[in-house]
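Notes follow once the structure below has been shown.
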Number of protein chains: 2
Amino acid sequence: MQPKLKDIAKQLGVSTATVSNVLSGKGRVSEETRKLISEKIREIGYRPGGPGRALRTGRSGVLGLVLPDISNPLFPAFAQAIEAAASRTGHGILIADSHGDPIAQTEALQRMIQRGADGIVIVPCRGTQVSSLSLPIAIIDSAATPGNSVCADHFQGGRMAVEHLQGLGHKRLVLLGHSRRSSVQTARIAGMEAALEPGTRADVFWLEEAAPDFAALAGEGATAFAATSDLHALTALTRLQGAGMSVPGDVSVLGFDDLSFSAQITPGLTTLAQNMPEIAAAAVQHLLLQLDEAPLPAPRLIPMKLLVRGSTGPAPNDPKQNKTTQQGDVTT
Amino acid sequence: MQPKLKDIAKQLGVSTATVSNVLSGKGRVSEETRKLISEKIREIGYRPGGPGRALRTGRSGVLGLVLPDISNPLFPAFAQAIEAAASRTGHGILIADSHGDPIAQTEALQRMIQRGADGIVIVPCRGTQVSSLSLPIAIIDSAATPGNSVCADHFQGGRMAVEHLQGLGHKRLVLLGHSRRSSVQTARIAGMEAALEPGTRADVFWLEEAAPDFAALAGEGATAFAATSDLHALTALTRLQGAGMSVPGDVSVLGFDDLSFSAQITPGLTTLAQNMPEIAAAAVQHLLLQLDEAPLPAPRLIPMKLLVRGSTGPAPNDPKQNKTTQQGDVTT
DNA sequence: CTGTTAGCGCATTCAC
DNA sequence: GTGAATGCGCTAACAG
C-alpha cells in the first residue's frame with residue numbers, strides 16, 4: 001500500500017490540508033511545519049496519487065497522442081520528441097493507434113477523454129476532419145489541413161530539395177511519392193514542382209499506383225531521384241546500386257525525414273529533416289495555452305532542414321560543376 | 001461538460017446505483033429499466049470517467065510502458081504490438097523513455113505508479129536490475145536477465161542465422177554486433193557461435209569498439225555477414241554494394257528484427273524477426289494475471305522466425321549448392 | 001497560520 | 001429490484 005496524504009498527516013499530528021498546502025506551496029504554512037512535513041515526505045517517499053488529484057482538480061497531468069500508424073518509421077523520433085516536451089512540463093503521454101481508420105480514430109479520442117486526458121495531440125488519418133471536442137486539441141498534419149496547429153513546412157522542404165538538386169546541375173529529375181492521398185506527400189511534391197527552373201524536367205511517380213523501373217529511368221537520362229520519404233529513397237538507392245550504378249557518381253538520391261538508417265548507409269542519404277523537437281514543443285505548448293484559457297495560438301509552420309550527405313552530388317557531364325562530396329553532414 | 005452518472009440518474013428518475021449496475025452488469029436490475037438506461041446512455045454518449053472509477057476501484061485501466069530508447073527503430077513494431085494487446089483488454093498505454101539512464105528509469109517507474117498505472121511493461125536499461133515494486137511488472141529483456149518475464153529467444157535466433165548461412169555453404173563468416181554490453185546482442189552472437197560447425201570460421205566485431213572494413217573482409221575470403229541488427233546489416237550491405245560487390249552473388253548479408261526498411265531494399269534483407277504480437281500479448285497477460293492475484297507466470301521464451309529474402313544466397317564456388325533465390329519471403 | 005468540512009465521479013455495501 | 005448512504009485520495013473553501 002502506497003502512503004496516503006492522510007498517513008502523513010496522522011503521523012505528524014497535522015491536518016491533511018496542511019500537508020496538501022506544503023505539496024502545492026499554495027496556502028500559508030509556517031516555515032517550521034513546512035520543513036517537518038517535507039522531511040517526512042522525502043523520508044517515506046510519498047507522492048500524491050494521480051486519480052484523487054485528477055478527480056478533485058479536473059486535471060490528470062496526462063496528454064493523449066493519437067497516431068494513424070505507430071509502426072511508421074517516423075514515429076520513434078516523433079514520439080520521443082513529444083514525450084520529452086510533455087515531460088518537461090510534468091505531463092505523461094497516453095498513446096493510441098488509429099490504424100488509419102477514421103472510426104478507430106474517433107474511438108481513440110473518446111477513450112482519451114474518458115481516461116481524463118488534459119489535451120490531445122493528434123496526427124489525423126488521411127482525409128479526416130477532426131471535429132472539435134470539449135478539450136484542447138493540437139492537430140499535426142499539413143498546412144493545408146483545416147484546423148492544423150503545427151507542422152513542418154513540407155512545401156518549403158520540397159522546394160529546398162529541388163533547389164539543392166538543381167544547384168548541383170541536375171536537369172532531369174524523378175519525383176517519387178507513395179500516395180497522392182497523403183496531404184504531406186502532395187505538399188512535398190508540390191513544393192518540388194514549384195522550384196523547378198525552366199529547362200528542368202521532372203517526372204512524378206506515385207509508387208502506390210505504379211512502381212517504375214528506377215534503373216531504366218536512369219538509363220533514359222534521369223540523373224536525380226527525389227523521394228518524399230527516406231524509405232523510398234532507400235528503395236531507389238539500393239536498386240540503383242544493385243544495378244551497378246554509382247551513387248552519387250551516376251545518379252543522385254534524396255529523401256525526406258532523416259529516418260534512423262539514413263545516416264548509416266553508404267553513401268549517407270541526403271534528406272530533408274523535420275525539426276521534431278520544435279514541432280513537439282509547439283504542439284504541447286498549443287495544448288497548455290488552451291488549458292490556460294489563452295486564445296487559440298496561430299498555426300505554426302516549422303521550416304525543414306536540408307541535411308547534405310553523400311547520396312547527392314554534381315550531375316554527370318556538367319562541366320560547370322566542380323563541387324566535391326563533403327565529409328559528414330552539412331546543414332543548410 | 002461531459003455527462004455524469006448522476007445526470008443520467010436524474011433525467012430518468014432512478015438512482016446512480018442503478019445506472020452503475022447497468023454499466024457493470026453486476027447488480028440485479030429489471031430488464032425494463034435496463035433497456036431504458038442503456039438507451040439513454042447511448043443517446044447522450046455517456047462514458048464513465050476514468051478518474052472517478054480509478055479512485056473507487058483502485059484500477060485505472062492504464063498500463064505503463066517504460067523503454068530505454070523510444071527512438072530505437074525496433075520501437076514502432078513493439079509499441080504497436082503492446083498497444084494492440086492492451087487495447088484488446090480495454091487498457092490504455094502510458095509511455096516513458098528512460099534514455100538508457102537508470103535514474104531516469106526509476107523516476108519513470110515512480111511516475112507511472114503515481115499516475116495510477118495498473119501494471120508496467122519495462123524494457124530495462126542495460127545492466128539495470130529492476131527492484132520489485134508494489135504493482136505488477138513485466139520485464140522484457142533477454143533470457144539471462146534475472147526476473148525476465150518474456151522475450152524473444154535471441155540465442156536460438158543466432159543459431160538459426162548461422163545454420164541458414166552454413167546451409168548455403170558459407171564457411172567464412174563475419175559476425176557483427178554493436179555493443180557487448182547489450183545482453184540481447186551477446187545472446188544473439190552466442191547463439192551464432194554455438195551453431196558453428198567444425199570447418200567454419202567466424203570473426204566477431206563489435207562496431208562500437210572498432211569498425212571493420214567490410215569490403216576488405218570480403219576480399220580476404222569472408223562470404224557472409226551476420227549482424228545482430230538489420231541496421232548494421234544495411235550498413236554492411238550498402239557498403240559492399242557500393243564497393244561493387246554483388247549481394248548475394250559475391251557475399252550474403254543477414255540481419256535481425258525485420259526493421260521497416262528490410263523488405264523495401266534490393267535485395268530484400270534476410271532477417272530473424274521477433275514475434276512481436278506474441279511477446280506483447282505475453283507481457284500484457286503477465287501483468288493481468290498478476291492483477292488477478294494469480295501465481296507469477298513462468299518466464300516465456302518466444303522463438304524467432306527466419307525470413308529468407310534476397311540478401312542471402314549460396315556461397316560462391318560451392319559446387320554442392322544449387323539453390324536459387326526465392327521470390328518473396330520464405331519463412332522457416 | 002492551521003484544522004474542519006465538503007465534494008470531485010463513481011461503485012459498492014446495505015436497507016427498503 | 002431499487003435507492004440512500006458511504007468512501008476511494010485529494011484540494012479548495014471556509015472556520016478557528
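What you are looking at is a predicted structure, and each value in this text was computed from that prediction instead of being measured.
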Under 4.5 Å between any side-chain heavy atoms of A/Val121 and A/Leu65, yes or no?
-> yes
Going by the side-chain contact (heavy atoms from CB on, under 4.5 Å) test, name the single residue among B/Asp257, B/Asp258, B/Ile302 that passes it with B/Gln274.
-> B/Asp257
Begin from the C-alpha positions of A/Leu287 and A/Asp118 and carry the test side-chain contact (heavy atoms from CB on, under 4.5 Å) through to its verdict.
-> CA-CA 8 Å; A/Leu287 255 31; A/Asp118 294 337; over 6 Å; no
Is there a donor-acceptor contact under 3.5 Å linking the side chains of A/Ser30 and A/Thr33?
-> yes
Under a 4.0 Å heavy-atom criterion, the protein footprint on nucleotides 5-16 of chain D, written with B, S and -, is --BBBBBB----
Quick one: do B/Gln80 and A/His99 satisfy side-chain contact (heavy atoms from CB on, under 4.5 Å)? Show the steps, please.
-> CA-CA 10 Å; B/Gln80 184 169 53; A/His99 297 95; 3.9 Å; yes
Hey, mind stepping through A/Phe75 and B/Ile70 against side-chain contact (heavy atoms from CB on, under 4.5 Å) and telling me if it holds?
-> CA-CA 9 Å; A/Phe75 171 53; B/Ile70 289 188; 5.9 Å; no
In the 5' to 3' direction, the nucleotides of DNA chain C bounding the stretch that comes under 4.0 Å of a heavy atom in chain A are C/dC1 to C/dG9
Sole residue of B/Glu43, B/Lys6, B/Lys40 in side-chain hydrogen bond (donor to acceptor under 3.5 Å, both in side chains) with B/Gln11 = B/Lys40
Within the structure shown, what part of the strands sits under 4.0 Å from B/Gly116 by heavy-atom distance: base, sugar-phosphate, or nothing?
-> nothing
Shortest non-hydrogen pair, A/Gly64 vs A/Met112, comes out as CA-SD, 3.5 Å
